[in-house]
Structures are given as C-alpha cells and as structure tokens.
Visitor: 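First the structure, which I've put down as structure tokens, then a few questions once you've had a look.
For clarity, every value in this text was computed on a predicted model and none was experimentally measured. The chains referred to below are lettered A, B, ... by the order of the sequence lines, with proteins before strands, and numbering in each begins at 1.
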2 protein chains.
Amino acid sequence: MTKQRPTIADVAREAGVSKGLVSFALNDRPGVSAASRARILKVASELGWRPSLRARSLSTDRAFALGLVIARDPEIISADPFFPAFIAGIEKALAPAGQVLVLSMVPDEAAEAASYRQLAESGRVDGVIITDLRREDERFALIAELGLAAVTLGRPDIDTLVPSISLDDASGIHAAVNHLVELGHRRIAHVAGPYRMLHARRRSASFSDALAHHGLPDDLVVETDFTASDGARATRELLGLSDRPTAIVYANDPMAIAGMGVAQRRGLTVPRDLSITGFDGSEVGAFIHPALTTVTTNAGEWGQRAAELLLRVIAREDVADIDLAPASLLLRESTAPPQA
Amino acid sequence: MTKQRPTIADVAREAGVSKGLVSFALNDRPGVSAASRARILKVASELGWRPSLRARSLSTDRAFALGLVIARDPEIISADPFFPAFIAGIEKALAPAGQVLVLSMVPDEAAEAASYRQLAESGRVDGVIITDLRREDERFALIAELGLAAVTLGRPDIDTLVPSISLDDASGIHAAVNHLVELGHRRIAHVAGPYRMLHARRRSASFSDALAHHGLPDDLVVETDFTASDGARATRELLGLSDRPTAIVYANDPMAIAGMGVAQRRGLTVPRDLSITGFDGSEVGAFIHPALTTVTTNAGEWGQRAAELLLRVIAREDVADIDLAPASLLLRESTAPPQA
DNA sequence: AGGTTCTCTTAAACCGGTTCAGGTGAGCGT
DNA sequence: ACGCTCACCTGAACCGGTTTAAGAGAACCT
C-alpha cells in the first residue's frame with residue numbers, strides 16, 4: 001500500500017521503451033530520437049521519477065559527496081569563527097549540484113588519518129577539502145594512496161598535483177603592521193599560531209617581513225596553539241618583558257580577545273596602553289570594549305569556491321590554482337598611537 | 001592492473017562456497033556450519049575483503065549515515081560554541097559504528113525544509129537529529145512525510161513519537177538567578193533568545209519562575225535573535241531604563257560578552273555596577289576581563305548520546321526519552337553584590 | 001537491387017551486496 | 001529399509017541504475 005517510488009523500469013514500461021533508452025534520455029545523451037526523448041521525459045515527470053542515488057552510486061562508482069575532516073580540539077573550533085562560515089559556503093556550492101558534505105570532526109591528527117581512510121575506503125566521498133595545511137603534510141601521501149580527489153586551502157610547501165585555493169593573508173598582516181607603524185608603534189609583537197600549520201607560519205613570516213620593511217626587529221613573536229588560553233599565556237609573557245610591546249598582532253580573534261582581557265586585568269587600557277589587532281573577524285569582536293580591529297577573510301566565499309573547485313577536479317575538468325581577494329584590515333577601536 | 005578490491009564473489013570462489021553463504025557467514029547469521037564459517041572468515045580476511053557500502057546500501061535500502069541540518073545565519077553559529085562541541089560528540093558515537101554525519105548548514109528555515117527533503121529523498125541519511133526546536137515545529141510533519149527517523153534535542157511542545165534527549169537548562173538559569181539574588185540583586189533582567197525557539201522560551205520561563213520564587217517581578221525580559229549584535233541592542237535598552245537592572249542573565253555567551261562591552265562603553269564597571277551571566281560556557285569567556293560567569297552544558301555528551309539514541313531508533317530498538325545531567329553554573333568574575 | 005552507413009532501439013550484463021525458495025544429505029525413529 | 005526432520009547450502013532473483021554489443025530500419029549511394 002505504501003506508495004513506492006517509481007523506478008526507471010516503470011518509466012520504461014509506461015513510455016513503451018527499454019530501460020536503457022530511458023537512462024540515455026534522462027542523462028541527455030545522444031542516440032535518442034527527439035520524439036522518444038520528449039515522451040520519456042514527460043512520463044518521468046508525470047510519474048514523479050527521481051533517480052536513486054544508491055543505484056547510481058553503485059553502478060557509477062561515485063559517492064556524490066565531499067568530505068571535510070577537521071582535526072582540532074573542539075575547544076579551539078568552538079571559539080574560531082572560521083569553520084561555520086566556511087562550511088556554509090561549501091553548502092552553497094554543493095546543494096545546487098545535488099551533492100552533500102560529510103563532516104568529520106576529530107580531536108587529533110592520529111584520528112584524522114583514520115578518518116580520511118574510512119571515508120575513502122567505504123567510498124563515502126569522491127574528494128576532500130584539506131584545511132589547516134601542515135609542513136610537509138603527510139596527508140598528500142595518504143590522499144594519493146587512497147585515490148581521493150582533493151583541493152587544499154592555501155598553497156602547500158611541497159610539490160603536488162592537488163590544486164589549491166588561496167586567500168592571501170599576508171597582505172592583511174602587512175596592513176595591520178603598517179597601520180600600527182603609522183600610528184607610531186616601534187615595539188610590535190606577534191602572537192602566532194602553531195608553526196606546524198602553514199598558514200600560522202605564513203602569517204608569522206608576513207609579520208616579520210612587514211617589520212623588516214620598516215627596519216624594525218621581529219624579536220617579539222610567541223608561538224601558540226591557537227586557543228584563547230594559550231593566547232592569554234603568550235600575552236602575559238609579552239607584557240612581562242622589561243621592554244614590553246606597545247602593540248600586539250594576534251593570529252586569530254579569540255586569542256586577541258583573551259589578550260585584551262589579560263592587558264585589562266593588568267590595569268592597562270586598550271588601546272591607550274596597548275594596541276591590539278585580531279584575525280578572522282568574529283562578530284563578537286565588534287561588540288567588546290574596545291571593539292577589536294581585525295583582519296577579515298571571506299570564509300564563506302573560500303568554502304564555496306573550494307567546493308566548486310573540488311567538484312571540477314572530480315569531474316576531471318582542467319583546473320588551475322585559484323587566488324581569492326586578499327584579507328583586509330577592518331579598523332575598529334583597539335588600536336591607537338602609543339603613549340608618549 | 002589496478003588492484004581491485006575483492007568482492008563477495010571472490011571470497012565465495014576462494015572458499016569454495018556460494019555467494020549467499022558468504023553473506024550469511026559475514027553477517028553472523030545462523031545456518032552456516034562452524035567449519036564453513038571459519039573458512040569463509042579466514043579467506044575474507046586473507047583477501048582483505050571489506051564490504052561495499054554502496055552495494056549494501058542499495059540492497060538493504062539504508063544509508064548508514066545521519067543528518068544534521070542547521071538553520072542559522074553563519075554569523076550566529078560562528079559565535080556560538082555549542083555546535084562544534086556537539087558535532088564532535090556526534091562523531092564520537094558514529095565512527096565506531098561505521099556511520100557518518102552529513103551536515104547541512106543553511107541560512108534560513110525555507111532552505112531548511114528543502115534540505116531535509118533532499119537528504120531524505122535522495123536517501124542520503126537514515127535519520128536526522130533535530131536541533132533548535134521551535135513552537136509547534138513543522139518539522140515533525142515533514143519528518144513523518146519523508147519517513148525519516150529522528151530524535152530531538154529537548155522535549156517538543158507537541159505530541160510526537162520522535163524520542164527526545166534533553167538537558168535541563170532550567171536549573172542552570174535557576175542557579176544563576178539564585179546566585180544573583182543571594183548577592184543582593186533585586187532588579188534582574190534577562191536577554192532571551194528568539195521565542196520561536198523552544199529552548200529560548202524555556203530559559204525565559206525558568207528565569208521568570210526563579211524570580212517569582214523570590215517574589216520578584218520579571219518585567220525586564222528582552223527577546224533577541226541570539227546574535228551578539230542583538231544582545232548589544234537589548235543591553236542598551238535595558239541600561240537606558242530609569243530603573244535599570246543591576247544584573248543581566250543572558251541566553252548565550254556571545255550576547256553576554258557583547259552586553260559587557262556595552263556596559264563598559266557606558267562607563268559601567270562589571271561586576272561592580274552590573275553583574276552579568278552567560279550561557280553555554282565558551283572558552284573565551286574565561287579570558288575576558290572580568291571573566292564571564294556562565295551556565296555550562298555538556299554539548300559533547302549531548303551530541304554523542306543523541307547520535308547513539310538515533311542509531312537505536314533506526315535499528316528499531318525500543319528507546320525512551322533521555323535526560324542528561326542538568327546545566328550548572330560556572331562562577332567566575334562577572335557577578336558581585338550590587339552597589340549599595 | 002544490393003550494399004553501406006547511420007540513427008534509433010533493445011536485451012542483457014554489470015555494479016556488489018542480500019534474501020529466499022528449494023535442494024541435498026546426514027541422522028533419526030520405527 | 002523407509003520416510004521424516006533438520007541443518008546446511010546453492011542458485012537465482014533482486015535492489016535501481018549504467019553501459020555495451022548487437023539488431024532493426026531507414027536513407028543514401030552506385
């Protein structure tokens with residue numbers, strides 16, 4: 001009694017043709033007369049036929065799904081505004097294509113490899129988006145072994161056929177440093193992400209570059225694990241120096257906000273006694289006091305374009321690396337000239 | 001030349017039995033002699049056989065995947081620490097079961113229904129976890145129409161066969177209010193989430209309850225959309241009142257942090273001039289100045305248990321509603337006795 | 001008229017599992 | 001020695017698509 005979904009065989013019978021021809025017609029393939037094609041399409045729509053993804057999956061050996069494996073402690077992701085916007089962007093590209101995102105959030109890098117392996121071996125996904133690229137990232141070998149298609153966020157540091165889609169964060173960091181130097185700062189510090197991660201390292205390098213460009217030393221760089229907690233620790237270290245910085249450039253917003261808390265706790269007034277810039281533009285940053293000056297990246301577009309690129313890779317189209325509009329500085333209230 | 005994955009037919013041939021028997025043996029079904037079973041398992045493992053999810057999917061009409069549709073503006077999710085921890089929890093339950101999470105993040109409720117529909121009609125998932133329950137939520141009808149299994153986070157306000165898994169947030173709100181009353185506050189406000197959402201409404205009701213219990217009026221409740229921006233707006237409204245509150249209970253952390261910013265911007269000192277409590281325990285909250293007193297919920301456990309419950313529903317096991325340990329108040333620095 | 005070519009179409013195999021009706025043979029009772 | 005039961009096993013159908021080899025006609029050529 002339950003109304004079964006019509007299959008291709010039902011359409012064939014109703015249209016008076018064979019299964020094969022229906023398949024051809026529905027896939028816009030040549031070798032079907034205009035009359036037959038029209039009739040088949042008409043019958044299919046009348047019957048409300050919709051392809052069975054499972055059957056198609058089995059016969060064409062594709063999953064029609066993309067994978068995203070995030071290997072970070074949930075604590076860190078919770079605070080980081082990047083991923084939700086990024087994932088929403090992916091969705092925007094996937095939905096119209098009838099594809100879907102399989103998300104795997106694992107706590108560490110050991111579980112990460114197992115996760116990629118499971119996704120690939122069970123044929124859950126046709127390709128993956130690789131984020132948080134690391135130095136000589138072992139995932140390239142893994143991807144190759146598993147025969148997965150892939151794209152990376154940011155250019156890797158090793159030779160690979162995997163295309164990348166990059167968002168130049170260097171210019172955002174440059175803009176932040178330039179802004180601070182123009183305000184008169186000479187002792188500028190950087191609270192960096194883990195050097196294991198390429199983008200953290202790249203931001204750090206941009207920072208040093210920018211300082212060098214102004215003839216300033218880059219002796220005030222502290223590495224962290226990206227958590228607010230570690231950002232606070234780094235800030236305490238920096239502010240404890242005899243020749244403490246008058247401005248700090250943070251590698252993400254949660255650390256910047258935590259750093260601001262540390263400064264205020266010491267009785268410093270931001271930005272009068274200490275200027276602060278963040279990275280990645282979270283919504284809350286606009287509402288704290290003082291509002292956080294930060295470098296904004298368009299995470300949503302990054303996600304959407306990355307997914308589109310990956311779909312093209314999977315379809316075996318020719319693709320080239322993509323560069324998105326660079327990150328830009330969003331001036332708010334947390335920077336000011338240093339105290340005389 | 002490419003090393004093909006062995007199929008059940010390879011195992012059958014190698015073990016000298018039929019395909020059917022191999023299937024029985026591998027699924028631990030009766031009707032296979034001990035000797036055959038042992039031989040089949042041995043051959044299967046020697047050949048490195050792994051079941052094809054796609055074939056299994058087609059023949060058993062299951063997806064071996066769960067769906068989660070999140071319908072919120074990315075801006076809001078970005079700030080909200082709940083979902084990442086929640087998703088990580090889901091993953092913890094799914095990975096051992098060989099299942100996978102299909103995540104769909106859409107901007108609004110119109111796209112939400114389309115998303116559920118697509119997941120169900122394409123057979124991507126066997127069930128969904130329904131979050132952000134709304135008043136007389138139309139998703140129950142949708143789920144029923146689509147024939148999807150489901151569980152809900154929190155008890156719905158209508159009769160349904162869908163089991164729920166709840167985390168009592170009322171007692172967290174009660175604890176916050178009691179704490180403030182004990183400190184001496186009499187004018188206590190609540191910045192609530194959108195009443196459309198049951199949990200926002202429930203938190204708001206708990207707030208009123210708690211106040212009534214102390215014989216205090218609940219005239220200071222402002223509804224918001226959960227964004228930091230709207231939390232700031234609500235705070236401005238409350239602080240603009242002639243008889244302004246001395247304490248504000250917020251329905252989430254981003255709004256509490258934004259509210260703190262608004263207060264400080266007006267020259268108020270938190271907690272001396274205004275006490276503030278948040279909800280959901282974000283990491284940054286611990287590092288701002290003053291550190292945010294908040295109600296913590298175990299989002300990770302909630303996710304894990306919800307996924308486990310849904311798997312049991314899908315397996316047609318008998319299940320009952322689940323109640324998790326209630327939310328509890330995490331005392332930090334943002335509350336103090338009101339100024340005399 | 002016969003052969004070639006081309007377009008349209010069909011039937012059947014295939015993807016890799018699950019399931020079910022029926023067959024085989026050993027063991028049992030009498 | 002005969003029938004019965006039961007455990008074990010096989011063969012084939014099935015899930016719903018895709019793909020390919022081959023066939024049927026029509027059109028075109030000489």
Visitor: How close or far is atom C1' of dA13(C) from atom CD1 of I8(A), stated in whole angstroms?
Guide: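 Roughly 16 Å, once rounded to whole Å.
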Visitor: Within the 4.0 Å heavy-atom criterion, would you say R62(A) contacts the bases, only the backbone, or no part of the nucleic acid?
Guide: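 Nothing, no heavy atom under 4.0 Å.
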Visitor: Just so I know, are the side chains of V17(B) and V22(B) near enough to count as touching, which here means a heavy-atom distance under 4.5 Å?
Guide: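 A side-chain contact exists here, since the closest heavy-atom pair is under 4.5 Å.
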Visitor: Short of 4.0 Å, heavy atom to strand atom, which residues of residues 32-47 of chain B count as contacting DNA chain C?
Guide: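 By residue number: none to list.
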Visitor: Tell me what N27(B) touches on the nucleic acid: a base, only sugar-phosphate, or nothing, going by heavy atoms under 4.0 Å.
Guide: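 It contacts sugar-phosphate atoms only.
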Visitor: Can you sort out which residues in residues 14-26 of chain A have a heavy atom within less than 4.0 Å of DNA chain C? Ascending by number, please.
Guide: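 Correct list: G16(A), V17(A), S18(A), L21(A).
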Visitor: Which residue pairs pass the side-chain hydrogen bond (donor to acceptor under 3.5 Å, both in side chains) test when at least one of the two sits in residues 139-158 of chain B, sequence neighbours left out?
Guide: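 Residue pairs passing side-chain hydrogen bond (donor to acceptor under 3.5 Å, both in side chains), neighbours aside: E112(B)-R139(B), Y116(B)-R139(B), R117(B)-E145(B), D137(B)-R139(B), R155(B)-D321(B), R155(B)-D323(B).
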Visitor: Within the 4.0 Å heavy-atom criterion, would you say R50(B) contacts the bases, only the backbone, or no part of the nucleic acid?
Guide: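 Sugar-phosphate contact only - R50(B) comes under 4.0 Å of backbone atoms but never of a base.
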Visitor: Taking side-chain contact (heavy atoms from CB on, under 4.5 Å) as the test, write out the residues that go with T297(A), two or more places apart.
Guide: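 T297(A) satisfies side-chain contact (heavy atoms from CB on, under 4.5 Å) with L167(A), F279(A), D280(A), A327(A) only.
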Visitor: Earliest and latest nucleotide of DNA chain D, 5' to 3', sitting under 4.0 Å from a non-hydrogen atom of chain B?
Guide: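 In short, chain B contacts DNA chain D from dC8(D) to dG16(D).
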Visitor: CD of E136(A) to CZ of R196(A): how many Å apart, nearest 0.5 Å?
Guide: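 Between atom CD of E136(A) and atom CZ of R196(A) there are 14.0 Å.
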Visitor: Contact list please: residues 115-124 of chain A against DNA chain C, heavy atoms, distance less than 4.0 Å, in numerical order.
Guide: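 Hits under 4.0 Å, by residue number: none.
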